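Keep in mind the model is a prediction, meaning the values are calculated, not measured. A, B, ... follow the sequence lines: proteins, then strands. Residue 1 opens every chain.
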Amino acid sequence: FSGAGGGNDIQWCFSQVKGAVDDDVAEADIISTVEFNHSGELLATGDKGGRVVIFQQEQENKSQSHSRGEYNVYSTFQSHEPEFDYLKSLEIEEKINKIRWLPQKNAAQFLLSTNDKTIKLWKISERDKRPEGYNLKEEDGRYRDPTTVTTLRVPVFRPMDLMVEASPRRIFANAHTYHINSISINSDYETYLSADDLRINLWHLEITDRSFNIVDIKPANMEELTEVITAAEFHPNSCNTFVYSSSKGTIRLCDMRASALCDRHSKLFEEPEDPSNRSFFSEIISSISDVKFSHSGRFMMTRDYLSVKIWDLNMENRPVETYQVHEYLRSKLCSLYENDCIFDKFECCWNGSDIVMTGSYNNFFRMFDRNTKRDITLEASRENNKPRTVLKPRKVCASGKRKKDEISVDSLDFNKKILHTAWHPKENIIAVATTNNLYIFQDKTN
Amino acid sequence: QDAQEKETVTPERAEEAKLKAKYPNLGQKPGGSDFLMKRLQKGQKYFDSGDYNMAKAKMKNKQLPSAGPDKNLVTGDHIPTPQDLPQRKSSLVTSKLAG
């Protein structure tokens, strides 16, 4: 399992785990999104209770040579609150669907967080000094009687304990009739898109009262509805290009230079289906739950229920690679349909352009190395939490005789889903979210 | 027909047969409108004003019932009021990830 340098396998070790130990998970604590910022120094999580927690990597400690810095809580705030739209009789969840970081321009950090209806731009800033020595105010804030002031002094800044403040700088509301599934910041760092089930809107980060609709797939007659938008992302380098995926397993690439309304795609990526293999489940399991460009922008990855596919932007008629995440579930589709698991939306992420990662059930997660074609299954569990101990690969026994360390398909816990994972942009550090815990793993050589 | 010939059924088709056996009335358009409409209507909570007004008329001569133990009953005889609707409380507790 080679890293980019070739020859060295990545050996994943447990580093940290965040969250409560107890099995009784409150709904609000369910993690709904995980995202590193552009430098990897900050790691943000969003949850079903509308809260955002940001962790910061410690500066590398020379005396602790065994690992890169640990991630500790930097800031936490309530991003969204539950709402009720009385006009539409619609309950609006506070669950954070996505967080996306802006690249850092000055001392403060900015991120976009969104629930089903409203996107917010948050500024996270540090305060480590405060002014002291005012003439008209006491230190505790009480006003002094001006007649008692006999001399003047110049207030000075004095150091104080670090305070990290989060404040909402922009609120982008009322632009989505349906439920927002994606936000993506453009490479121009001025605009971003937000996608719901049927429409995609383009925003300017400075302007909240206007949004441009760039994709609209709502049919004139809702009875004719056959597919919905499931994810969307801007190209990492071309500011005019974005893609969106559908519940039917297609990906459309659009060029905003072609027309104001990008209803006609520039490219349509779709793998032809073998009609003899079609079943009741075919369309459901082909629904794409996530789409992500590689860092270079030459490839994109899609995640459907059972597999991860790599597409070359220059080839529309089939993916260049397909990796099976948990093919053994194909013979369990009936019960997965009955318990709704078949509708679980797994995300996926890249390490540069070489290795991809995605989650599965039983708190397992999978990595596929595009170069060596090798894959590995690991588990996020508190049982493996000895730092610097390499994680043991897991194996699921699909049928037949189960070997000693294997787990049989029927023993998998389908309530333990890993839907959200993130890879540090520069180092071999990964963040893996189980239902209510956040695991951080590092490469042993760190 | 031919005893030697055995039709190989894909795992997916076998699962489909299992599902159809359990739910014979399963719709003809599997991934189609029904799923999608359900997805689009997430969060919809309907208030029936007709029910509300009829109940109000019925209750005219009786005392208004206070919110009883059956808080889920919001239409019909029990007059729904904003207080009776399940409260959507925001989470004021800090996330356990930050603990």
Using atom types as modelled and distance alone, determine if a side-chain donor or acceptor of [X] lies under 3.5 Å from a backbone N or O of [Y].
| X | Y | answer |
| --- | --- | --- |
| Arg13(B) | Phe280(A) | no |
| Arg330(A) | Thr10(B) | no |
| Gln44(B) | Lys88(A) | yes |

[options]: which one forms the most heavy-atom pairs within less than 4.5 Å of chain B?
| options | result |
| --- | --- |
| Leu438(A), Val73(A), Val52(A) | Val73(A) |
| Ile31(A), Asn72(A), Asp197(A) | Asp197(A) |
| Leu336(A), Asp29(A), Val17(A), Thr177(A) | Asp29(A) |
| Ile285(A), Thr45(A), Leu90(A) | Leu90(A) |
| Val228(A), Asp47(A), Thr76(A) | Val228(A) |

Original post:
Which atom pair, heavy atoms only, marks the closest approach of Glu15(B) to Cys334(A)?
Top reply: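 Shortest heavy-atom contact: OE1-N, 2.7 Å.
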Original post:
Nearest heavy-atom pair of Leu97(B) and Val53(A): which atoms, and what distance?
Top reply: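 So the two residues come closest at CB-CG2, 4.2 Å.
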Original post:
Do you see a donor-acceptor pair shorter than 3.5 Å between the side chains of Ser282(A) and Glu12(B)?
Top reply: yes
Does [atom1] in [X] sit with more than 12 non-hydrogen atoms of other residues, nucleotides or ligands closer than 6.0 Å?
| X | atom1 | answer |
| --- | --- | --- |
| Asn339(A) | CG | yes |
| Glu327(A) | CD | yes |
| Asp85(A) | CG | yes |

Contact class of [X] relative to chain B, heavy atoms under 4.5 angstrom:
| X | value |
| --- | --- |
| Asn436(A) | backbone |
| Phe55(A) | side chain |
| Tyr74(A) | neither |

Value rounded to 0.5 Å, distance of [atom1] in [X] from [atom2] in [Y]:
| X | Y | atom1 | atom2 | answer |
| --- | --- | --- | --- | --- |
| Gln78(A) | Ser95(B) | CD | OG | 10.0 Å |
| Leu36(B) | Leu198(A) | CG | CG | 9.0 Å |
| Thr94(B) | Arg51(A) | OG1 | CZ | 7.5 Å |

Side-chain contact test, heavy atoms from C-beta onward, threshold under 4.5 Å: evaluate it for [X] versus [Y] and give yes or no.
| X | Y | answer |
| --- | --- | --- |
| Leu40(B) | Leu225(A) | yes |
| Glu93(A) | Lys42(B) | yes |
| Glu338(A) | Lys22(B) | yes |
| Arg39(B) | Thr230(A) | yes |

**OP:** Flag the one option from Ala17(B), Ala14(B), Ala98(B) with the top tally of heavy-atom pairs under 4.5 Å to chain A.
**Re:**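 Looking at each option in turn, the highest pair count goes to Ala98(B).
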